[in-house]
Structure formats: C-alpha cells, structure tokens
Amino acid sequence: MNQPVLHPDGSAAEPAANSLVGGTSLWQDAWKRLRKNRVAAGSGVVLLMLAAACLVGPAVIAATWGYDYETQDLASGARPPSWSHPFGTDFYGRDLLTRVLYGGRVSLTVGLLAAVVAATVGTVYGAVSSYAGGMIDSLMMRVVDILYALPYMFLVIILVTILGKSLLLVFLALGAVGWLLTARIVRGQVMSLKEQDFVLAARSLGTSSRDIIFRHLIPNTLGPVIVTFTLTVPSMILQEAFLSFLGLGVQAPRPSLGALINDGANQMLVFWWTLAFPGAVMAVMLFALNFLGDGVRDALDPRMKH
Amino acid sequence: MMPPPSPTATNRPLLEVRDLAVRFPITVSDGWLARRQEEVRAVDGVSFSVQRGETLGLVGESGCGKSTTGRAILQLIRPAAGEVVFDGLPLDELWVKRGRSWTWGPKLRDLRRRMQMIFQDPFASLNPRMTVEAILAEPLRNFGIPSGPERRAQIQSLLETVGMDPRAIRRYPHEFSGGQRQRIGIARALALGPDLIVADEPISALDVSIQAQILTLLQKLRADLGLTMLFIAHDLAAVRLISDRIAVMYLGRIVELADATVIVSAAHHPYTKALISAVPAPDPVTEKTRQRIVLEGEVPSPLNPPSGCPFHTRCPLREDRCIREAPLLREIAPGHTVACHLLER
Amino acid sequence: MPVADTVLSVHDLRTFFRTDDGIVRAVDGVSFSVRRGETLGIVGESGSGKSVACLSALGLVPRPPAFHPSGEVRYGGRDLLALSERELEHLRGNRLAMIFQDPLTSLNPYLRVSRQLTEVLEVHRGASRAEARRAAMTMLERVGIPDPARRIDQYPHQFSGGMRQRVMIAMALLCEPEVLFADEPTTALDVTIQAQILELIAELRHSLGTAVVLITHDLGVVAGSTDRVAVMYAGRIVETGPTAAVFAHPQHPYTRGLLASTPRIDTPLGSRLEAIPGLPPDLAHLPAGCPFHPRCSQAVDRCRTEYPAVIALSMVHSAACWAVEAPQ
C-alpha cells in the first residue's frame with residue numbers, strides 16, 4: 001500500500017493510484033502462489049495436455065490413420081509398439097493408443113464429474129447441518145456416520161448393479177457416496193465460522209439464514225472444499241478403474257483405463273505393452289492430480305490469510 | 001451534549017432495560033462419568049435507561065457481562081428474563097417460537113434498521129471473501145434497496161462519512177489496516193440509518209494512535225447523526241471521554257451508575273474506586289505520588305458467584321452483611337445510583 | 001538503589017525479515033542500555049519493532065525469515081549476537097529472562113507447573129528435583145500464588161490469566177537473572193490485575209536488583225513503572241530519556257502525538273483528543289527520509305529526504321527529529 005492521502009480531518013483515505021486497480025481477492029493471491037509452485041504448475045500443464053489429447057486425440061487419429069477404439073484387425077493383432085501403432089495393438093488388433101486415449105477420456109470425465117457431484121452435495125449438506133445445529137445437525141451427521149460405516153465399495157457395486165452398467169450411472173453412484181468426507185469437513189469449518197463476528201454482523205443486519213449459509217459460510221469453506229476436490233478426483237478415477245476392472249463399469253468394447261489395465265494384466269508376461277501403456281498413463285494422471293492438489297492446498301494455506 | 005429535539009415530544013427514553021438477565025447453560029463434568037447442567041449467569045439483573053441522543057458507557061473487566069448485555073439488548077441473544085423496551089416497544093414480545101426454538105418475528109427483524117452493532121475485532125467482523133461494496137450493500141439489500149447506481153452512490157457516501165476514500169469499494173478487507181476495517185464496520189452499522197448503536201469494544205483491538213482516530217470519528221458521527229450510543233469497553237479513560245453517563249459492571253450486575261464526570265471524580269462503590277485507581281495515567285508525576293488501591297485476588301468465576309454482594313471477596317471494606325445479602329442499586333444523589341451496603345449511613 | 005552500572009547495552013541493532021512483500025526492516029539501528037536495578041520502558045505501537053528488538057538481543061528471532069541481526073549486544077563482557085546457540089541457551093532463563101504477553105501460549109499446557117519451574121533450576125543450577133521444588137514453591141509464594149503447595153502441581157489452564165502471569169514471572173526470576181525482558185506482560189490482563197502484576201514486578205525488581213526492560217504500548221504503564229523510556233517508531237528509537245523528562249517535555253512529534261491521543265481519566269471536561277492522522281507505517285515500503293513524516297504536522301522538506309540525526313537535548317534526553325532545536 002502506498003502512503004495514504006490525508007483528509008483534512010486527519011483520517012486516512014485510500015491512495016489515488018492504487019484504487020484504479022481492483023482489489024486482490026484471496027483467490028487471486030492463491031492463484032499467484034499456485035503459479036509460482038513449479039511442481040504444481042507443471043502438473044497442471046501435464047493434465048491439460050493429457051486432457052486435450054484424450055479429447056481430440058481419438059478424432060485426430062481416426063481422421064489420419066483410420067483407427068478407432070473398436071474396429072478389430074485380427075491380422076495385426078497383438079503387435080508391439082511400432083511407427084504405425086505407437087502403443088502397439090491389443091489382442092484383437094485394435095490400436096492401443098486410441099483405446100488408451102479414449103479410456104483416459106472416460107476416466108477424467110468420470111473422475112471430474114463424480115468429484116463435482118460429491119463436492120456440491122457434501123458442501124451444502126455439511127453447511128446446512130452445521131448451521132442448523134442441535135437435533136437437526138445430530139440427525140444429519142448420524143446419516144453420514146452410518147453411510148460412512150458401510151463398506152464403501154460394496155455400496156457402489158450394489159448401486160451400479162441395481163442402476164445398470166452405464167457410464168452416467170457409474171459416476172452418479174460414485175458421487176453419491178463420495179460426498180461424505182466433504183460433508184464432514186464443511187461441517188467442521190462452518191462450526192467454527194459461524195461463531196465469527198461477521199456472521200453475527202450479518203444476522204444483526206437482517207440477513208436470512210439461507211443467505212448466511214450461501215453468501216457467508218460456504219464461500220469461506222471453499223478453500224478446504226477445493227483441496228478435497230482436487231484430491232478426490234484421483235480417488236474417483238481409481239474407483240472407476242476398479243469397477244471397470246471388475247466388469248461393472250464401462251462395458252466392452254468401450255475402453256476404460258481400468259478395463260485396459262485388466263486386460264493387460266492378464267497378458268503382461270506375453271504382451272507387456274498392453275499393461276505398460278495404460279498403466280503409465282494412469283500413473284501420470286494420478287501423480288499430476290495429486291501434485292496439483294497439494295499445490296492448491298498450499299496456495300490456499302490459511303496461514304497466509306490474515 | 002444536547003440531544004436533537006424529539007418529534008414525539010415526549011421525554012420517553014429511547015431504550016429502557018429492566019432486570020435484564022442472560023444465562024448460558026453449560027455441562028460440567030462432575031468427576032469421572034457424572035455430568036451436571038449448570039447455568040452461567042452472564043447478566044444477572046441489569047437495569048438502566050438511555051435517553052435519545054445520549055451515550056451510556058458500560059465499563060467493566062472481563063467476565064462482567066457487558067458485551068453480553070449489549071448483544072441481549074439488540075436481541076442477538078435471547079434474554080432469559082427481564083425487559084428491553086426500545087422506543088416504547090417491548091422487544092421480548094416480538095420473538096416467535098418455531099418448533100422448539102425461538103426466532104425473530106417480522107417486527108423484530110424490521111427493527112434492525114433502527115439498532116445496530118459495531119464489533120470489536122476488525123479482522124473477524126468483515127467477511128474476508130466479500131468486497132467492501134458487497135459488505136456495505138448487504139444491509140441495503142436486505143431491506144429492499146436494489147442494486148444499481150443509486151445503491152452504489154449510497155455506499156460511496158457512507159465510506160466518505162467514515163473518512164475513507166469511496167474507491168475502496170472494489171477492495172477486500174485484508175488489504176486494509178485495522179483502523180480502516182473498523183471504519184468499514186462503522187459504515188456498515190450506519191448503512192440503514194439506525195437510532196441506536198451498540199459499540200462493543202470498538203477500539204480495544206486497535207493501535208493507540210488509531211484508537212484516538214476512531215474515538216474522534218465516533219464523536220463526530222454521533223453529533224452529526226444524532227445517534228444514541230451504548231459504548232461498551234474496559235478502558236475507563238476512553239469510555240469517560242465519549243460517554244454522558246457510565247455504568248460500572250461486575251459479575252453480571254451494575255454496581256454504580258452516574259454521570260461520567262461524577263464517576264471519575266466522586267465514585268462511591270469500592271470497585272469503581274479500585275478500577276479508577278488501577279488505570280495508569282500517562283503522567284509520571286501523578287503515578288509516583290498517587291495512592292493506589294490494589295485489589296486482592298481474582299474475579300470469581302461466574303459459574304460460582306459469591307453469595308451476597310458479588311464483590312465481597314475482594315472488597316477491602318466488606319462486612320458481614322455483604323456476605324449474606326446482595327445490595328440493591330440505590331440512588332444516593334440525583335442520577336447517581338450505587339449498589340453497596342456501606343452507603344446506607 | 002544499587003550501584004548504577006550498565007548491565008546490558010545494545011548498539012546499532014538491525015534485524016531484517018525477508019517477506020513476500022520485500023525486505024522488512026523491523027529493527028533498523030536501535031541502541032539502548034539498561035543499568036542494574038533500573039527499568040527501561042520501550043514503548044511503541046504494533047510494527048514499531050519493540051518486540052523484535054528484544055527477541056533479537058536474546059537470539060530468539062526465527063532465522064528464516066529473519067536475517068541474522070547485525071550490531072552488538074553487550075552483556076557480561078561478550079557480544080550476544082556472536083554467541084552460539086548453545087552459549088545463549090546457557091544464558092537464557094538463567095542470567096537473562098523473558099516473559100511474554102500471553103502466558104497461555106508461553107507455558108507448556110501439557111506439563112504441570114511444578115515440572116516447568118523445577119526444570120529451570122535443574123538445568124541451570126544443577127539442583128536436584130527436591131531442592132528445585134522447594135525453591136519453586138518459595139518463589140510461587142513470593143509472587144503471590146495462594147496455596148502454593150497444592151497449586152504447584154496443577155496445569156497452566158487451571159490458573160487464571162493473572163495467576164499464569166505470576167507463574168511466568170516466578171519461572172523467569174527463579175535463577176535471579178540480571179536482566180528481565182517483559183514483553184507486554186499485562187496487555188492481556190484486566191486493569192485491576194495489571195495493577196497487581198506491575199506492583200509485583202516493581203517489588204521483585206527492588207529486592208533482587210534486576211534490570212527490567214519493559215515493552216509496552218501503554219503510556220500509562222510506562223509512566224508508572226519505568227525510570228527511563230525509549231519511544232520506537234518504524235524500527236527506530238525516535239526519543240529516549242528519563243521518563244519524567246520525556247513525559248514533561250516530549251520533543252519528538254510522535255511522542256507528543258501519542259501523549260495527546262491517549263485518553264486520560266483526569267482530563268478536564270470538553271478537552272479533545274488529538275489523534276495522530278494517517279496510518280501506521282508499512283514496514284515493507286517505508287517512505288524516504290523520516291518514516292514519520294507523512295503523519296507529522298511539523299514536517300519540513302529535509303524530513304522527506306534525510307533520516308534525522310539524533311539531537312541531544314541534555315545529557316540523558318535525546319530525540320531524532322529535524323524539527324527539534326538543539327539546545328545552545
């Protein structure tokens with residue numbers, strides 16, 4: 001801050017030059033810090049490139065070489081990596097690169113969407129429960145406790161089995177169970193936030209409870225929620241992979257990284273590339289997400305907030 | 001200072017408080033497994049009235065209940081007993097019961113326009129995620145003033161009133177110093193044009209040189225806007241400067257109430273005297289020569305208040321009667337009330 | 001009063017911090033000294049550098065983000081800034097003690113008070129546990145803790161704020177240090193308790209002959225409890241001298257401003273506070289020249305470009321200000 005301009009009555013006004021620029025919110029501060037963190041920024045770039053590749057890659061490859069994820073070509077089945085097939089081919093002669101990119105698309109989509117659903121449901125649930133307090137809070141948290149205690153994967157598997165094996169329902173099922181952690185975190189945050197003076201001030205200004213929750217409390221919990229989100233995405237991806245591994249996720253011939261890894265694992269001694277490439281892509285994705293998540297958490301570090 | 005002429009042409013006080021009590025239930029563990037429900041009597045029968053345009057100072061040390069009194073008056077906490085009458089309206093009737101809990105009825109919510117609070121901590125009383133404009137717009141939005149250039153103009157003029165550059169609207173609280181944030185908090189409290197302001201330790205968290213700025217600002221605003229103020233603080237010197245009358249609190253009760261000048265020069269209650277004596281004066285000559293009354297012991301826990309007069313455990317003048325019987329506030333001179341047995345001679 | 005010889009002297013102390021905003025010159029050329037049995041008050045607002053100065057003297061400033069302080073701190077014939085951590089540990093709590101503002105965070109909440117007190121004596125005096133405990137109990141009684149035999153085995157949270165501060169004082173004085181640094185020891189306490197604690201410190205100082213460096217922002221505390229005072233602003237001492245002289249004839253505009261803006265109980269009715277205009281200094285972006293000049297009613301051109309030289313008003317009273325006339 002520059003030196004202040006003084007009013008005649010001696011009070012302090014804001015310096016002229018600075019005020020033409022907008023203020024820097026805590027988000028902007030965090031973004032700056034995130035950019036400076038090279039590992040996190042690098043991971044972000046890697047993820048963006050990966051996402052771009054998964055999105056447009058299959059189309060580009062189809063246009064250039066004519067491969068897609070399902071056309072079989074038994075004559076060139078199970079070929080190791082070569083110039084025409086950089087990742088090699090699988091048992092049925094399908095281009096592995098296309099399948100891996102397509103599978104990556106599924107993983108990222110499922111992971112992100114499921115995590116978004118989880119974060120949204122969890123945040124609202126936790127905030128409402130905590131602000132309401134008393135019996136309502138107890139009841140709502142008991143529901144969370146019970147769901148938490150149930151064997152997680154069995155729950156997901158049951159849901160998927162009942163709802164059918166489609167991609168959409170997979171991520172709904174994942175999200176439906178994944179909100180629990182966020183709910184607990186948000187509830188804890190709100191418990192301490194609601195005692196702060198600015199909430200009392202809002203009440204004394206006539207702000208309704210609903211507005212207090214959505215305009216005051218939730219925006220102040222977004223830090224931990226975002227961090228949890230960035231670390232939930234890899235978890236969701238892994239779970240989807242596991243489901244596909246079990247055959248409950250995306251159905252053949254549509255590939256998913258999990259299914260590819262499953263196939264590859266069965267043949268790994270003979271056709272090593274069918275495991276190596278899907279596995280490597282999965283690993284890169286998860287590492288990048290985790291590093292980015294760590295970076296986001298450091299950038300939003302509450303120690304930096306006054 | 002002279003209050004502005006009242007349109008109702010009566011001498012009715014703006015605020016009347018009678019036997020106000022606030023109690024907090026807490027669970028105390030009683031040994032290994034047993035637990036007890038206890039009640040902390042944070043405010044234990046407080047009565048006073050404040051005339052329109054007047055400033056009443058509420059002074060006391062930690063745990064005396066002064067902040068709780070302020071919040072109870074504004075109905076931010078529901079009083080356990082007693083009456084708060086604002087401009088002739090009894091406020092306890094304006095609560096409604098919803099299920100098992102009490103909330104404000106519509107009339108009480110509407111009264112927010114007329115009574116507001118300034119908070120102590122300039123860091124915690126502003127939402128760090130909102131711009132200054134959003135913070136000041138909130139009360140206006142709540143009471144039907146739509147967004148747009150007029151509202152913005154109103155916000156900018158509010159900022160000028162408290163001595164801040166109106167271009168601050170685009171910035172965030174953490175970009176300002178403590179004193180400036182407090183100014184924003186004051187602007188927010190004034191947004192709806194209230195009659196009554198409860199200032200809860202508004203300068204305690206500020207640097208010394210800034211405290212004077214804010215005190216001066218409050219004095220100016222009070223004069224310009226004809227505000228009625230309840231000034232709550234533990235700093236007797238600051239309270240004395242800004243208040244017309246002062247009430248001294250101890251363990252949830254008022255022990256003495258009188259004009260500000262009378263309190264500092266002719267206090268009667270032993271606690272008031274000790275309090276005045278304990279305030280260090282920035283004058284070495286006075287400090288070296290003054291006779292200081294140093295109280296023994298500590299403030300008793302409000303969980304376990306002493307019998308009779310709450311001050312008796314530390315009072316240098318206590319007698320038997322003080323241990324058995326709690327003294328009532330009695331008027332010993334016009335406008336000067338004291339709660340002490342020893343003054344009935 | 002014991003013989004007036006200097007026990008600790010600080011010369012041109014500088015402590016800088018590296019922050020995201022740039023280099024912060026928290027302490028920028030501070031010199032003071034304190035004599036046996038006297039109390040030196042260091043008064044300033046937040047950001048003045050008063051706490052950092054004393055922490056620097058004891059080597060307690062965390063090294064990143066701070067740079068190693070430069071200057072000299074002479075005690076017992078040695079420069080404390082040149083000593084190793086080990087040598088400093090030997091002195092801290094023993095010959096040089098410090099008490100802090102919030103006893104709740106400066107006492108270990110997980111250890112009983114007895115343990116924290118006896119540890120000081122065991123480490124520095126090689127006392128046995130039993131001897132140390134006896135000495136600790138005597139000290140607790142001396143600082144006014146009632147029923148010390150029972151309370152010594154309690155935990156810090158079982159004491160009230162004032163009592164905890166007494167425990168801190170006991171801990172600090174157990175080894176009869178030569179210098180006691182007290183960093184805002186009563187700021188967090190109620191005013192009636194503050195009076196008790198200040199009286200206690202004065203009485204102990206008198207009987208033990210300890211030199212006290214009392215850091216505070218409260219001019220009233222300074223007036224009542226100090227022999228000499230140093231006023232700090234933006235990392236430097238702007239005025240120093242005997243308390244009586246500085247209060248009676250303040251020379252620096254900041255000192256005057258502080259005095260004029262402090263509300264007093266005994267001022268006549270209708271007198272107004274003169275607030276110091278402007279904002280506290282931003283230590284990462286100090287203006288050129290005198291850091292106080294943006295808020296100073298007596299600033300002249302020279303103030304904007306050159307940091308003021310120290311003008312001696314008498315043998316013992318000096319101020320750093322261009323607007324002050326040196327006596328002929």
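Just so we're on the same page: letters track the sequence lines, and every chain starts at 1.
Within the 4.5 angstrom heavy-atom criterion, only side-chain atoms of C/Glu199, from C-beta onward, approach chain B. Contact of B/Gln211 with chain C is not made at all, since no heavy-atom distance falls under 4.5 Å. Interface remark: B/Leu215 contributes side-chain atoms only to the contact with chain C (heavy atom separation under 4.5 Å). In this structure, the portions of C/Val191 lying under 4.5 Å from any heavy atom of chain B include both its backbone and its side chain.
In this structure, C/Leu279 CG and B/Gln180 CD are separated by 4.5 Å, a value rounded to the nearest 0.5 Å. Expressed to the nearest 0.5 Å, how far CD of C/Gln194 lies from CD of B/Glu61 amounts to 10.0 Å. To the nearest 0.5 Å, atom OG1 of residue C/Thr262 and atom CG of residue B/Leu241 are 11.0 Å apart. Rounded to the nearest 0.5 angstrom, B/Glu287 CD and C/Thr243 OG1 are separated by 11.0 Å. One finds the CD atom of B/Gln213 at 8.5 Å from the CD1 atom of C/Ile276 (value rounded to the nearest 0.5 Å). In this structure, OG1 in B/Thr286 is found 11.5 Å from CD1 in C/Ile265, a value given to the nearest 0.5 Å.
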Practice problem: Start with the C-alpha distance between C/Thr192 and B/Arg314, add both sets of side-chain angles, then the distance that settles side-chain contact (heavy atoms from CB on, under 4.5 Å), and finish with yes or no. | Solution: CA-CA 11 Å; C/Thr192 50; B/Arg314 303 168 81 195; 3.5 Å; yes

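Between C/Arg264 and B/Arg240 the shortest heavy-atom distance is O-NH1, 3.7 Å. When every heavy atom of B/Pro282 is checked against every heavy atom of C/Phe247, the shortest pair comes out as O-CD2, 3.2 Å. For the pair B/Glu296 and C/Gln196, the tightest heavy-atom approach, listed with the atom from each and the gap, is C-NE2, 3.7 Å. Looking at every heavy atom in both residues, B/Ile210 comes nearest to C/Arg295 through CD1-NH2, 4.1 Å.
When each of C/Pro146, C/Gly257, C/Pro280 is checked for heavy-atom pairs under 4.5 Å with chain B, C/Pro280 comes out on top. Contact count against chain B (heavy-atom pairs under 4.5 Å) is highest for C/Ser261 among C/Ser225, C/Ser261, C/Ala195, C/Ala248. For the options B/Ala278, B/Gly178, B/Ser209, heavy-atom pairs under 4.5 Å to chain C are most numerous at B/Ser209. For the set B/Pro284, B/Ser265, B/Ser301, B/Ala212, the count of heavy-atom pairs under 4.5 angstrom toward chain C peaks at B/Pro284. The residue among C/Ser160, C/Gly161, C/Ala260 with the most heavy atom pairs within less than 4.5 Å of chain B is C/Ser160. Note: B/Ser62 leads B/Ala238, B/Ser62, B/Ala260, B/Gly60 in heavy-atom pairs under 4.5 Å with chain C.
The number of heavy atoms from other shown groups lying within 6.0 Å of CD (C/Gln154) is above 12.
Using modelled atom types, one side-chain atom of C/Glu45 and one backbone atom of B/Val208 make a donor-acceptor pair closer than 3.5 Å.
Screening C/Val221, C/Leu219, C/Thr186 for a side chain to side chain contact (heavy atoms under 4.5 Å, CB included) involving B/Pro280 leaves a single residue, C/Val221.
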